[in-house]
Q: 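My questions will all concern the structure given below.
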Amino acid sequence: MAGRTIVVVGGGITGLSAALRLRDELGPQARITVVDQADRLGGKLHTRPFHGGYAEAGAETFLTGDPAAVRLAERVGLGEALRHPEPVPAALAVDGHLRPIPRGTLMGVPADPATVADLAPVTGTDRDEGHPVLAPGADVSVGELVRARLGVPVLDRLVDPLLGGVYAGRGDDLSLAATVPALAAACRTESTLTGAVRSALARRVSGGGPVFATVDGGLGRLVDAVAAASGARVRLGAPVRALARDGYAWRVSVGGEVLDADAVVLAVPARPAARLLTGVAPGAAAEVGALDYASVALVVLAVPARPAARLLTGVAPGAAAEIGALDYASVALVTLAVRGARLPELSGFLVPASEGYAVKALTIFTTKWAHLARPDGLAVLRASVGRYGDVAVLHRSDEELAGLVHAELGRLLGHPLPEPERTRVTRWGGALPQYAPGHLDRVGRARAELVDMQGIAVAGAAYDGVGVPACVRSGWAAAQRILDSVA
Ligand SMILES: Cc1cc2nc3c(=O)[nH]c(=O)nc-3n(C[C@H](O)[C@H](O)[C@H](O)COP(=O)(O)OP(=O)(O)OC[C@H]3O[C@@H](n4cnc5c(N)ncnc54)[C@H](O)[C@@H]3O)c2cc1C
């Protein structure tokens with residue numbers, strides 16, 4: 001096995017995690033090649049220079065509760081570079097106000113209706129009917145369950161925006177079992193939804209530490225470090241067009257060339273995965289190909305926010321640093337005089353679709369992350385636009401989109417934002433999988449067809465969870481399947 005040839009198709013965090021795990025298990029003799037159609041590695045992890053600093057054009061952070069991403073960072077020597085968000089709250093934009101996201105909810109579903117009453121009154125009946133909310137093995141859309149038991153306001157104002165922040169989708173389209181697995185598990189034993197939330201929250205293993213992390217310098221550093229540690233040969237700008245089986249060997253067509261391999265990890269989104277599987281496992285291809293995706297656009301703006309520090313930067317850098325370190329009220333007079341953005345002390349906010357804005361979420365990078373605070377006093381904001389099934393807004397040009405976001409942010413913040421010094425629009429077409437009810441069964445059926453085939457595994461956000469830790473874990477599991485099947 002050590003001298004085997006393995007091709008990993010897809011150089012996102014899933015494929016790279018698989019490549020590194022294979023290297024760790026197989027040692028230096030294994031010939032591992034990572035092939036990606038893009039001209040860079042990382043997929044949805046993409047750190048780009050931005051106006052004298054950098055900004056994430058894709059994923060920004062990862063959960064630490066599932067420690068897979070933290071362990072990956074540590075494995076590649078980035079443990080010291082991990083950073084955690086500042087202890088500033090996030091908000092919901094409801095009825096023209098920014099309101100703190102209530103505590104004691106699971107993806108917005110409250111454990112106690114009283115804690116959310118002024119934001120989203122409970123109008124459903126969460127009746128105890130003497131049996132678990134969900135039958136064993138059953139799945140349901142988050143929307144159907146929440147609407148029936150807690151009512152429309154809880155769904156529209158709490159659950160949908162939180163789900164939308166992760167999936168750009170709505171509760172009615174998303175599987176409870178795939179998107180809130182801890183709640184689904186609790187619903188199989190508890191007889192009310194709020195009881196299930198309480199039970200799931202009580203089971204949460206929390207060391208009390210920070211819930212999120214990122215890498216100083218950007219998640220692109222993680223991508224580069226994992227690729228380097230894997231020792232894989234990397235082929236970029238190389239779309240894999242076909243996959244064939246020849247006895248126990250695999251043939252991977254890349255451009256005009258065919259790569260022979262003992263094993264293949266397919267770590268690409270569902271559509272390319274389904275295309276590549278069609279010839280070798282048509283049933284699995286159909287199951288995988290049924291997955292739909294949401295498209296989003298991210299608009300990053302650099303706006304003046306602490307102009308006192310900005311104005312002084314050129315002439316007295318020491319003084320500028322002092323003033324820049326003051327809290328906002330201390331420079332308010334100067335700020336008013338030169339029209340800097342008056343930003344709330346928030347890491348960001350979510351906007352329910354029912355509020356009627358195109359913007360669905362805002363992150364204030366420079367408030368959320370201390371290491372991203374800028375000495376030039378600019379605030380860097382990132383808004384996301386685009387919801388599943390509602391793509392009209394994404395047809396606008398970059399300029400129109402940036403203008404729309406700028407205007408809407410002014411309304412959401414309660415005062416016009418100053419003109420940005422720089423904006424950038426990044427579009428992610430078909431980026432976020434929409435796990436419909438039954439998703440986990442579909443994935444199970446697809447993998448069941450592949451399990452008898454030696455040397456192939458599918459992994460990534462199309463199957464096992466959209467977050468970075470879930471993708472890392474999915475890549476590791478794919479590597480293990482290859483090791484088990486080819487050994
Ligand atoms: C805008 C945005 C923000 C996000 N923010 C967060 C966040 O803050 N935290 C978080 O945990 N998650 C976040 N996510 C989700 C997370 O980033 C992704 O789910 C995860 O990175 C997907 O990794 P992957 O390797 O499975 O797939 P991808 O990153 O999609 O990688 C797949 C790779 O396959 C390549 N490929 C496709 N077809 C072929 C082919 N035929 N031949 C060769 N190569 C091919 C692609 O070029 C790509 O590089 C975000 C996602 C998006 C879109």
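Order of appearance sets the numbers: ligands from 1, and atoms from 1 within every ligand.
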Q: With a cut-off of 6.0 Å (strictly less than), are more than 12 heavy atoms of other residues, nucleotides or ligands near CZ of Arg103?
A: no
Q: How long is the gap from CG on Asp24 to CH2 on Trp476, to the nearest 0.5 Å?
A: 10.0 Å
Q: Is the shortest distance from a heavy atom of Ala238 to ligand 1 less than 4.0 Å?
A: yes
Q: Heavy atom under 4.0 Å from ligand 1: found in Leu432's side chain, backbone, both, or neither?
A: side chain
Q: Counting from 1, what ligand 1 atoms have a heavy atom of Leu45 closer than 4.0 Å?
A: 17 (O), 21 (O)
Q: Using a 4.0 Å cut-off to any heavy atom of Ala461, which atoms of ligand 1 qualify?
A: 19 (O), 22 (C), 26 (O)
Q: Report the nearest protein non-hydrogen atom to atom 42 (N) of ligand 1: residue, atom name, distance rounded to 0.1 Å.
A: Val240 N, 2.9 Å
Q: Against heavy atoms of Gly43, which atoms of ligand 1 measure under 4.0 Å?
A: 29 (O), 31 (O), 48 (C), 49 (O)
Q: Among Val303, Leu404, Leu301, Leu343, find the residue that satisfies the side chain to side chain contact (heavy atoms under 4.5 Å, CB included) test when tested with Leu409.
A: Leu301
Q: Run through Val265, Val451, Leu243 and flag the one making a side chain to side chain contact (heavy atoms under 4.5 Å, CB included) with Ile456.
A: Leu243
Q: Protein heavy atoms near atom 27 (O) of ligand 1, is at least one of them under 4.0 angstrom away?
A: no
Q: Between Arg235 and Asp36, is there a salt bridge with N-O shorter than 4.0 Å?
A: no
Q: Identify the closest protein heavy atom to atom 20 (C) of ligand 1: which residue and atom is it, and at what distance?
A: Cys471 SG, 3.7 Å
Q: Nearest protein heavy atom to atom 8 (O) of ligand 1, by residue and atom, and its distance?
A: Glu60 N, 3.0 Å
Q: Give the residue, atom name and distance (to 0.1 Å) of the protein heavy atom nearest atom 47 (O) of ligand 1.
A: Asp36 OD1, 2.6 Å
Q: Do me a favour and list the nearest non-hydrogen protein atom to atom 14 (N) of ligand 1 with residue, atom name and distance?
A: Ala59 CB, 3.9 Å
Q: Checking the N or O distance criterion of under 3.5 Å, is ligand 1 in contact with Thr14?
A: yes
Q: Is Ile13 in polar range of ligand 1, meaning some N or O pair under 3.5 Å apart?
A: yes
Q: For ligand 1, which atoms sit closer than 4.0 Å to a heavy atom of Leu298?
A: 1 (C)
Q: Testing the 3.5 Å rule here: is there a donor-acceptor pair between the side chains of Asp156 and Ser354?
A: no
Q: Which ligand 1 atoms are under 4.0 Å away from a heavy-atom of Ala431?
A: 53 (C)
Q: If we set the cut-off at 4.0 Å for heavy atoms, which region of Thr426 has an atom near ligand 1: side chain, backbone, both, or neither?
A: neither
Q: Only heavy atoms of Gly58, strictly under 4.0 Å: list the atoms of ligand 1 that pass.
A: 3 (C)
Q: Looking at Tyr463, is Arg447 sitting on its ring face, NZ or CZ under 6.0 Å from the six-membered ring centre and within 45 degrees of the normal?
A: yes
Q: Can you tell me if Arg481 uses its side chain to pair, donor with acceptor, with the backbone of Val458 under 3.5 Å?
A: yes
Q: Could you tell me the separation between the CZ atom of Phe212 and the NE2 atom of His84, rounded to the nearest 0.5 Å?
A: 12.0 Å
Q: For ligand 1, which is the ligand I care about here, please tell me if Val468 has any N or O atom under 3.5 Å from one of the ligand's N or O atoms.
A: yes
Q: Which atoms of ligand 1 are found less than 4.0 Å from any heavy atom of Gly460?
A: 26 (O)
Q: Drop me the distance from Leu432's CG to Lys44's NZ, to the nearest 0.5 angstrom.
A: 7.5 Å
Q: Ion pair present between Arg374 and Asp376, side-chain N to carboxylate O less than 4.0 angstrom?
A: yes
Q: Roughly how far, to the nearest 0.5 Å, is the CG atom of Leu298 from the CZ atom of Arg427?
A: 10.5 Å
Q: Could you state the interatomic distance from CD (Glu144) to CG (Asp172), rounded to the nearest 0.5 Å?
A: 8.5 Å
Q: In the protein, which heavy atom is nearest to atom 16 (C) of ligand 1, and how far is it?
A: Val466 O, 3.3 Å
Q: Measure the spacing between CG of Leu276 and CZ of Arg241 and express it to the nearest 0.5 Å.
A: 10.5 Å
Q: Just to confirm my output: which protein heavy-atom neighbour is closest to atom 29 (O) of ligand 1, and how far is it?
A: Lys44 N, 2.8 Å
Q: Can you pull out the closest protein heavy atom to atom 7 (C) of ligand 1? Residue, atom name and distance to 0.1 Å, please.
A: Thr61 O, 3.4 Å
Q: I need the atoms of ligand 1 closer than 4.0 Å to a non-hydrogen atom of Pro239, numbered in the order shown.
A: 42 (N)
Q: With backbone taken as N, CA, C and O and side chain as the heavy atoms from C-beta onward, which portion of Ser384 lies under 4.0 Å from ligand 1: side chain, backbone, both, or neither?
A: neither
